[in-house]
Amino acid sequence: YLDEGSRVRIERKDTTWQTIDQLHAWNEEQLNVALEAHPENFSPNVLLRPLYQETILPNIAYVGGPGEVAYWLQLRTMFRAFGAEMPAVILRNALMVLNAPVTKKMGKLGLNAVDLFKSKEHLIAQLVGDKPDFSEEKQQLEQVYERIASRIASVDPTLRATAMAELQRVLAGVDQLQGKTWKAAKIREEHKLSTLDKVWEEVYPNGQWQERTENILPLVLANEKELLRLLLNEFTAPSSTTVVVEY
């Protein structure tokens with residue numbers, strides 16, 4: 001509700017509607033009169049805006065990003081309740097741009113564009129090897145200590161807790177050895193992991209998708225519009241996929 005230049009939210013309280021500052025209140029009849037007399041003083045909330053815009057200027061389709069599509073898909077029941085036609089909701093294409101230096105680094109690592117959609121942890125394991133897992137050995141140790149504890153307890157039951165505490169100390173040591181083994185494996189492949197870090201930062205700057213942080217214009221202007229031509233060929237129509245462009 002527009003009140004002297006500032007907007008105030010309206011909330012329903014039982015059979016009345018009132019602004020959250022409690023300066024204005026209406027029953028249903030009064031609210032309908034106010035809406036009819038001064039529609040410019042009222043605006044929809046975030047959920048009603050799509051309904052308003054599609055009522056005023058209907059669209060056949062709405063093309064949006066993942067967050068926008070998820071938002072619109074919540075509105076189907078509301079459109080149906082008001083007898084309004086909801087547009088088709090289409091996920092726009094996403095874009096990943098790989099320049100020549102990045103592609104060269106990927107080649108040295110034996111990676112392709114599909115690999116870039118995996119988690120970084122998965123790629124590290126792919127380059128270094130699987131993370132050491134001593135679960136089976138720890139299970140065997142537990143069985144051994146259980147037998148030792150049972151034999152000790154047959155002599156002195158109070159010593160069983162001491163034996164099991166020793167087991168926990170040994171298991172903690174195994175966990176430390178597991179971590180040190182993984183750290184050594186990564187140090188051995190330090191060059192590969194350093195290259196992966198550089199590729200990852202290009203593809204996911206600051207941990208975000210390129211398209212959320214990078215401006216495409218400097219890239220387009222830097223190579224005599226070659227990239228622009230590639231993009232125009234790839235984005236003829238939204239196909240709800242991620243387009244990878246190498247240039």
Can you tell me if [X] has over 12 outside heavy atoms packed within less than 6.0 Å of its [atom1]?
X    : atom1 : value
K180 : NZ    : no
N233 : CG    : yes
E40  : CD    : yes
Q53  : CD    : yes
E36  : CD    : no
F42  : CZ    : yes

I need the [X] [atom1] to [Y] [atom2] distance, nearest 0.5 Å.
X    : Y    : atom1 : atom2 : value
T181 : Q176 : OG1   : CD    : 11.5 Å
E28  : R12  : CD    : CZ    : 7.0 Å
K105 : T195 : NZ    : OG1   : 7.5 Å
L127 : H191 : CG    : NE2   : 11.0 Å
E85  : T55  : CD    : OG1   : 11.0 Å
N45  : E11  : CG    : CD    : 11.0 Å

If you define the side chain from C-beta out and look only at heavy atoms, does anything of [X] sit under 4.5 Å from [Y]?
X    : Y    : value
K183 : I187 : yes
L2   : H38  : no
D21  : D3   : yes
N99  : E202 : yes
L123 : L196 : yes
M96  : Y204 : yes
L231 : I216 : yes
K186 : L193 : yes

Give me the atom names and distance for the closest heavy-atom approach of [X] to [Y].
X    : Y    : answer
R49  : P44  : NE-O, 3.4 Å
P132 : W182 : CD-CE3, 3.4 Å
Y1   : T19  : CD2-CG2, 4.0 Å
R160 : A153 : CB-CB, 4.1 Å
P66  : R92  : CD-NH2, 4.3 Å

Say whether, by atom type as modelled, one donor and one acceptor occur between the side chain of [X] and the main chain of [Y] under 3.5 angstrom.
X    : Y    : result
Q18  : K13  : no
Q208 : P205 : no
D115 : N112 : yes

Any link between [X] and [Y] through a network of hydrophobic side chains (Ile, Leu, Val, Met, Phe, Trp, Tyr) touching at under 4.5 Å?
X    : Y    : answer
L221 : L227 : no
V128 : F134 : no
M106 : I124 : yes
I152 : Y145 : no
L95  : L232 : yes

Which donor-acceptor pairs under 3.5 Å do the side chains of residues 67-80 make with protein atoms, sequence neighbours left out?
residue, atom, partner, partner atom, Å
E68, OE1, G65, N, 2.5
Y71, OH, V46, O, 2.2

Atom pairs and distances, side-chain donor-acceptor, residues 237-247, under 3.5 Å, sequence neighbours left out:
residue, atom, partner, partner atom, Å
S239, OG, N93, OD1, 3.3
S240, OG, L91, O, 2.9

Stepwise side-chain contact (heavy atoms from CB on, under 4.5 Å) check, I20 with V8: CA-CA 7 Å; I20 59 173; V8 185; 3.6 Å; yes
Aromatic ring pairing H24/W26, orientation class (parallel under 30°, perpendicular over 60°, tilted between):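 Rings of H24 and W26: parallel, under 30°.
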From CA spacing to verdict: side-chain contact (heavy atoms from CB on, under 4.5 Å), L111, Q126: CA-CA 10 Å; L111 302 178; Q126 186 173 318; 3.5 Å; yes
Verdict with reasoning, L171 to Q168, per side-chain contact (heavy atoms from CB on, under 4.5 Å): CA-CA 5 Å; L171 292 179; Q168 295 306 314; 4.2 Å; yes
Basic-acidic side-chain contact under 4.0 Å: R169, E166: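 A salt bridge is present here (some side-chain N lies under 4.0 Å from a carboxylate O).
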Nonpolar side-chain network containing I90, other nodes, edges under 4.5 Å: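 Besides I90, the hydrophobic cluster comprises V63, listed by chain and residue number.
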Pair E146-Q143, side-chain contact (heavy atoms from CB on, under 4.5 Å): steps then yes or no: CA-CA 5 Å; E146 183 63 38; Q143 293 171 355; 5.6 Å; no
